[in-house]
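Report on the following structure.
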Amino acid sequence: MTELRCTYRLQLGPGLGFAQARALVPYLAELGVSHLYLPPSFQARKGSTHGYDVVDPTSISEELGGEAEFRALVAAARDAGLGIVLDIVPNHMATDDANRYWTDPELRARFFDIDGASGRHRRFFDIDDLAGVRQEDPEVFAETHRLALSLVRDGLVDGLRIDHPDGLADPAGYLRRLADAGVEHVWVEKILSPELDPPVGEQLRDWPVDGTVGYEFLNDVCALLVDPGGEEPLTELYAELTGETRPFSEIAFEAKLEQARTTFRPEVERLNRICPVDGVERLLASLPVYRTYDGGRSPEDRAVLEQAGLPDLYDGKPAEWVTRFQQTTPPVMAKGVEDTAFYRYCRLLALNDVGGDPGRFGIPVERFHAANRVRAERFPRNLLVTQTHDTKRSGDVRARIGALAGMASEWAEHVRRWVGINAPLKGEAGAPDAVEEYLLYQTLVGAWPISAERLEAYLEKALREAKRNTTWVDQDTAWEGAVKAFARRVVAHEPFLEDFRPFAERVAEAGHRSAMAQTLLKLTVPGVPDIYQGDELVSLSLVDPDNRRPVDWELRRTILDCGAGGSDRDREKLALIRRVLALRAERPGAFAGAYEPLDAGPDVCAFVRGGQVLVVAVLREAGLDERVAVPWARPVRAGDITDERSYGLLAR
């Protein structure tokens, strides 16, 4: 296998198939990544834009170019010294006429999780046309993994990313079966609770995997860069604007319970047919984690059940009920928290991302170090991400919004002023309400400049996800239209823009410093960094589908080749990535070696890798004057090592 140094996630689809990806190989090799990280590439339903709606897991996608083009891409990558990581989708397939496993009644009964009493199939979350697959059946596993295993066995693919393993009846058994089949490198899309088990949060089970896809790092590094001094003033501002004083945990529970009672009513009915239990909706909403495993018998699960006040949850229940319950808590959590509560609670939107806890305002350097040490010991090849196809916003947008915590009083003054300036722009319906208006201002400052079209598309999704004034199912188009009209007026309102533009530029500068520190940490702490498509330059993307917009590859090639084009910030970010990846290639032993935290105060994160590489990330301006001493170097600070103000890197 090619040495794992850095993966680069390509989001294939219309306009970027295997042939177009092959043309990018020389650029990506020069950038310094070691692996192309491909999205699901098996045959999906016609017109699929993402590949997660698979109809035939035994063939390569014709829309992306077919098997010949896939093999040509792999060959080009190998010739350039790059490996391949492939995302696969074991939990579900599309209920489509092109899916022979679905259209054949006998195969359907064998391959899919069908409720015999109702005839309904287990869904992927709330998506009716994605049916759950019975991977617990060895024959189903063998058939649906025939192609994936052959790609690994033949050396075309180095490792697999497993989508949504928590939907499976037996995730641990599934992963053991993969390992037994010879798959040595596996990453799981597993969301871990950051606040479950202090000081480092919920831990990945001892599965035969290389780690998770990296959301725990994303949230830790974001929280590390948020100034704790901003918590009180931002909490007070949010209460003043919206009247909301409840903790996030209460809002999250309310949203989960709402989802269990509505969206997931079919799943609740199935549970009650197996074994009637009073208040099963409340039980589904009560767990602080995505799911428990193996009937909750492990010490980790017993602790979870105790924390939830449900130590006897599984006692006396039929095995089928326990399995179904464990498969249902993940979608209740995901739809209730990530796709509802995250859009209802807007104190600081940087904290509202996949796997995060917006109630946790920030973390100290010591906790960040502790998590890195655990990762180095248990899963040193865990992926490290700051943006994915599923994140609510890009790492650069998150860094800008997070920077508001360091200028909280000034931000509050501006927001109060903007509310007054823009009040006449509201329509008769009074839309947007206070929560929606505050979400709009944070989005503008995080993603500025942004077109009215992109902003409106984002707001429509955010409003429907929040399910407060409109929903995906019961759309209030009048309210949505009024909010969009308000946003259009705001971004063209000169009195607002006169006050907004200079402040937004200050936030952009502060956010860029945070984003550079974030990028440096991703590239140097224990784990394997991942770059999402186009994110080597400043990326100001919002939630899907905004984060899947076409990438200007020519601009990136030009900057990499001759250092020209783009903005100063673009060139600085790409140069940092290229420089650190080159260092990782030169000194693989250092980055596979020890992780030694250094004490540099609360505003600096410093450590040594493998006794050879000193890393200094300035978290806040107060840390600019802090010096770091190591045995083999004079006392140094970021500015002593490089000409940059937010990071430093020194190799022995």
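Shortest non-hydrogen contact noted between Gly648 and Leu520 is O-CD2, 3.8 Å. Of all heavy-atom pairs between Leu523 and Phe591, the closest is O-CE2, 4.3 Å. Residues Pro194 and Asp357 share a closest heavy-atom pair of CG-CB, 3.8 Å. Heavy-atom minimum distance, Val551 versus Gln533: CG2-CG, 3.6 Å. Contact record, Thr388 with Thr391: O-OG1, 3.0 Å, taken as the closest heavy-atom pair. The two residues Trp187 and Gly159 make their nearest non-hydrogen contact at CZ3-CA, 4.1 Å.
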Donor-acceptor contacts under 3.5 Å from residues 18-26 side chains, at least two apart:
| unit_1 | atom_1 | unit_2 | atom_2 | d |
| --- | --- | --- | --- | --- |
| Gln20 | OE1 | Gly17 | N | 2.8 |
| Arg22 | NH1 | Glu69 | OE1 | 2.6 |

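At least one donor-acceptor pair under 3.5 Å links the side chain of Ser41 to the backbone N or O of Pro39. With hydrogens and angles ignored, the 3.5 Å screen pairs no side-chain donor or acceptor of Ser541 with any backbone N or O of Asn547. Side-chain atoms of Thr95 do not come within 3.5 Å of backbone N or O of Leu130 as any donor-acceptor pair. In this structure, Asp220 contributes its side chain and Phe368 its backbone to no donor-acceptor pair below 3.5 Å. Proximity of a side-chain donor or acceptor of Lys392 to a complementary backbone N or O of Glu338 within less than 3.5 Å is detected. In terms of modelled atom types and a separation under 3.5 Å, the side chain of Tyr8 and the main chain of Gly534 share a donor-acceptor contact. Listed for the Asp166 side chain is no donor-acceptor partner under 3.5 Å among the backbone atoms of Pro330. Remark: the backbone N or O of Leu537 is not paired with any side-chain donor or acceptor of Arg556 at under 3.5 angstrom. Between the side chain of Ser48 and the backbone N or O of Ala44 there is no donor-acceptor pair closer than 3.5 Å. Under the 3.5 Å distance criterion, the side-chain polar atoms of Asp530 are left unmatched by any main-chain donor or acceptor of Val385.
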Determine whether Asp87 and Tyr52 satisfy the following criterion, side chain to side chain donor-acceptor pair (under 3.5 Å), listing intermediate values before the conclusion. CA-CA 9 Å; Asp87 191 348; Tyr52 287 94; 2.5 Å; yes
Under the criterion salt bridge (charged side-chain N to carboxylate O under 4.0 Å, His left out), I'd like the reasoning laid out for Glu621 against Arg513: C-alpha separation, chi angles, the key distance, then a yes or no. CA-CA 9 Å; Glu621 290 201 24; Arg513 291 196 298 270; 2.7 Å; yes
Asp56/Ser59 under side chain to side chain donor-acceptor pair (under 3.5 Å): CA gap, chis, key distance, verdict: CA-CA 6 Å; Asp56 184 3; Ser59 65; 3.0 Å; yes
Using the rule given for ring-ring contact (aromatic ring centres under 6.0 Å, His included), can you reason through His493 versus Phe486, listing the C-alpha separation, both sets of side-chain angles and the distance that settles it, and then say yes or no? CA-CA 10 Å; His493 192 42; Phe486 176 80; 9.3 Å; no
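For residues 520-542, the set of pairs meeting the ring-ring contact (aromatic ring centres under 6.0 Å, His included) definition, not counting sequence neighbours, is empty.
Between Phe500 and Phe496, the ring planes lie parallel to each other; the angle is under 30°, not in the 30° to 60° tilted range.
More than 12 heavy-atom neighbours from other residues, nucleotides or ligands sit within 6.0 angstrom of CG on Asp79.
Evaluation of the ring pair (Phe, Tyr, Trp, His ring centres under 6.0 Å) rule for Tyr290 yields no partner, not counting sequence neighbours.
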